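Counting starts at 1 for both ligands and their atoms, following the listed order. Here the structure is a predicted model, which is why all the values come from computation and not from measurement.
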Amino acid sequence: MLTVKEILKGGHVGEDVEIRGWIFRTRTVGGKIFVVVRDGTGVIQTAITKGGVPENEFADAEKALIESSVVVRGKVTEDKRAPGGCELRVVDFKVEQFAEKFPIQQDLSEEFLLDVRHLWIRSQRMAAIFRVRHTVFGAVHEYFRERGYFEAHPPMITPAGSEGGSTLFELEYFGRKAYLTQSWQLYAEALVESLGKIYYVGPSFRAEKSRTTRHLTEYWHCEMEEAWAGMEDVIKHAEGVISQACQRATKENADELRSLGVDSADIAQVKAPFKHITYTEALKILEKAGMSLEWGQDLRTLEERELTKDTKVPIVVTHYPKVSQAFYKAKDPKNPDVVLAFDVIAPVVGELVGGSERERDIKVLEQSLRDQGEDLGRYQWYLDTRRYGSVQHSGFGMGMERLIQFICRLEHIRDAIPFPRTPARFAP
Ligand code: 4AD
Ligand code: MG
């Protein structure tokens, strides 16, 4: 048994091989049946002739509809006209199961394709994206593990949020209120005092009401936290992990990127370090472009797009205004109006990473929580991290689907994940 990818890689011409997969397309020309078969790795053409296979198998090949599952044996033959440069001359064609008429034919609406997402994920486009996704997840784990970070896991069900109340998903927990996690943030700040350097890749939940092309309500979050580290230290790792994922994808997914219409050279350019500017400098650049923002206002998609319009490589924006930032971000000792926080902004997707150094002063934290109208009682366990051996520490969070959206140049973030969750739907 070989995979399609292994056969197409070359070196098997003349060999008898067996593949297992699903019928992608069928065409009959001059009494020959050409069945294109896909497995999880790619597609290959198989050619079935009368007399080349038992009669009943020829009849089966004639009547099997697309997406029927098949086991095919044949000789690998060079054929310049076939996709991939070779085809299988079939000697044995077994239909495992005859598929009913597949509901997805040509030119269907986005909405319909979302209704039949469980079938649409079989498409070449979706499978290509998922293979890139596989590479990106592997690269992230590899990056942190190679550098001695421990993988540590936060709870998904939590008593309080870290990123503000407006995007919390509420849960009825045996008669009490609980919330789905928005970020591992608070738990990470406790766990670094156990393990020192940690990372995690897992789901986060945001009750984002707005429909945009870069928000999901359930997304995979890569987060890291490090003790004895400041903002600049962790920015290096944000740049490093993004670069590693991009380099891996260009190396391991050249075929996928080509099929998605992505120029690999654009992705290969993504190498640390990136360009750094402060929030205040960003406002000056925007002003020159005729987009004046008042100091203190958030950068929106519009502004993020302007800042990255002439580059293929993400940029880092640092030193955001203290106003409207999460309570745990550390004030800059050189300028109390800004916090030691940064975002990595990428072309196509905008904000890819958000991170900061964490405030150490328990009084400042308590005041910020009070200012946000939070119940201090629910944060006492968190404040213990500042009572027992607190040290300087920093970390960041990166949306994995945003990174995949960036690498695959996807118009909509929902295609970066097999079963997207958005305000409008949570099925299938
Ligand atoms: O900027 P955010 O909200 O930061 C945090 O959650 C921090 N506690 C992370 C940390 O320091 N450990 O979210 C981090 C990243 C964003 O930059 C974005 O890439 C992604 O998470 N993200 C989303 N991705 C998809 N859909 C959404 N609704 C997202 N919200 C945030
Ligand atoms: Mg953010």
Side-chain angles (χ1 to χ4, degrees), residues 136 140 144 149 152 154 158 160-169 179-192 197-226 229-231 233-235 237-238 241-242 245 279 298-301 304 314-318 320-321 324-330 339-346 348-359 382 393-407 410 412-417 420-424:
V136 169
V140 165
F144 286 110
Y149 290 76
T158 64
S162 63
E163 306 305 312
S166 70
T167 64
L168 274 175
F169 268 116
Y179 306 94
L180 291 179
T181 185
Q182 296 168 308
S183 160
W184 81 335
Q185 175 83 36
L186 307 186
Y187 297 93
E189 290 187 63
L191 280 162
V192 279
K197 292 163 69 163
I198 54 173
Y199 84 100
Y200 160 71
V201 188
S204 278
F205 305 88
R206 306 271 172 120
E208 307 271 3
K209 281 137 213 126
S210 55
R211 294 173 189 219
T212 77
T213 55
R214 43 183 219 137
H215 287 90
L216 294 163
T217 53
E218 176 184 297
Y219 70 98
W220 285 70
H221 207 165
C222 161
E223 303 194 82
M224 66 81 75
E225 193 77 26
E226 184 166 347
M231 176 176 76
D233 299 314
V234 296
I235 287 177
H237 292 301
V241 73
I242 293 167
Y279 166 86
D298 265 344
L299 301 180
R300 296 163 302 177
T301 315
E304 289 176 349
I315 63 165
V316 183
V317 180
T318 62
Y320 280 87
S324 83
Q325 291 283 334
F327 67 89
Y328 54 73
K329 297 189 179 176
V339 284
L340 296 173
F342 70 98
D343 277 358
V344 177
I345 314 263
V348 185
V349 296
E351 184 190 333
L352 194 54
V353 172
S356 73
E357 183 167 327
R358 319 310 189 184
E359 179 59 54
Y382 170 73
H393 61 290
S394 304
F396 66 76
M398 170 170 73
M400 292 297 282
E401 286 76 20
R402 295 234 179 129
L403 179 56
I404 294 156
Q405 185 181 14
F406 167 68
I407 293 174
L410 304 177
H412 203 295
I413 193 170
R414 67 178 167 228
D415 284 343
I417 187 166
R421 297 295 176 243
T422 57

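Distance NZ/Lys197 to NE2/His237: 6.0 Å, rounded to 0.5 Å. Annotation: the span from Arg402 atom CZ to Ile413 atom CD1 amounts to 5.5 Å, rounded to 0.5 Å. In this structure, CG in Leu216 is found 8.0 Å from NE2 in His412, a value given to the nearest 0.5 Å. Rounding to the nearest 0.5 Å gives a distance of 9.0 Å between CG of Asp415 and CD of Gln405. Leu186 contributes atom CG, which lies 8.5 Å from atom OG1 of Thr158 (distance to the nearest 0.5 angstrom).
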At less than 3.5 Å, what protein N or O atoms come close to the N or O atoms of ligand 1? Include the distances to 0.1 Å.
unit_1, atom_1, unit_2, atom_2, d
ligand 1, 1 (O), Glu351, OE2, 3.0
ligand 1, 3 (O), Arg206, NH1, 2.9
ligand 1, 3 (O), Arg206, NH2, 3.2
ligand 1, 6 (O), Arg206, NH2, 2.9
ligand 1, 8 (N), Glu163, OE2, 2.7
ligand 1, 8 (N), Ser183, OG, 2.9
ligand 1, 8 (N), Gln185, OE1, 2.9
ligand 1, 8 (N), Tyr328, OH, 3.1
ligand 1, 11 (O), Gln185, OE1, 3.2
ligand 1, 11 (O), Arg358, NH1, 3.4
ligand 1, 11 (O), Arg358, NH2, 2.9
ligand 1, 12 (N), Gln185, OE1, 3.4
ligand 1, 12 (N), Glu223, OE1, 2.7
ligand 1, 12 (N), Phe396, O, 3.4
ligand 1, 17 (O), Glu351, OE2, 2.6
ligand 1, 17 (O), Gly354, N, 3.4
ligand 1, 19 (O), Leu352, O, 2.9
ligand 1, 19 (O), Gly399, N, 3.1
ligand 1, 21 (O), Tyr219, OH, 3.2
ligand 1, 26 (N), Leu216, N, 3.0
ligand 1, 26 (N), Leu216, O, 3.4
ligand 1, 28 (N), Glu208, OE2, 3.2
ligand 1, 28 (N), Leu216, O, 2.8

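Closer than 2.8 Å to the Mg ion (ligand 2) sit the protein N, O or S atoms Glu351 OE2.
Put simply, the residue from Pro420, Pro423, Ser204 that forms a side-chain contact (heavy atoms from CB on, under 4.5 Å) with Thr217 is Pro423. Exactly one of Met224, Glu225, His393 qualifies for a side-chain contact (heavy atoms from CB on, under 4.5 Å) with Val234. That residue is Met224.
Ring pair Tyr199/Phe144 is parallel by interplanar angle, where below 30° counts as parallel and above 60° as perpendicular.
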**Report entry** Stepwise salt bridge (Lys or Arg N to Asp or Glu O under 4.0 Å) check, Glu163 with Arg206
**Finding:** CA-CA 9 Å; Glu163 306 305 312; Arg206 306 271 172 120; 5.1 Å; no
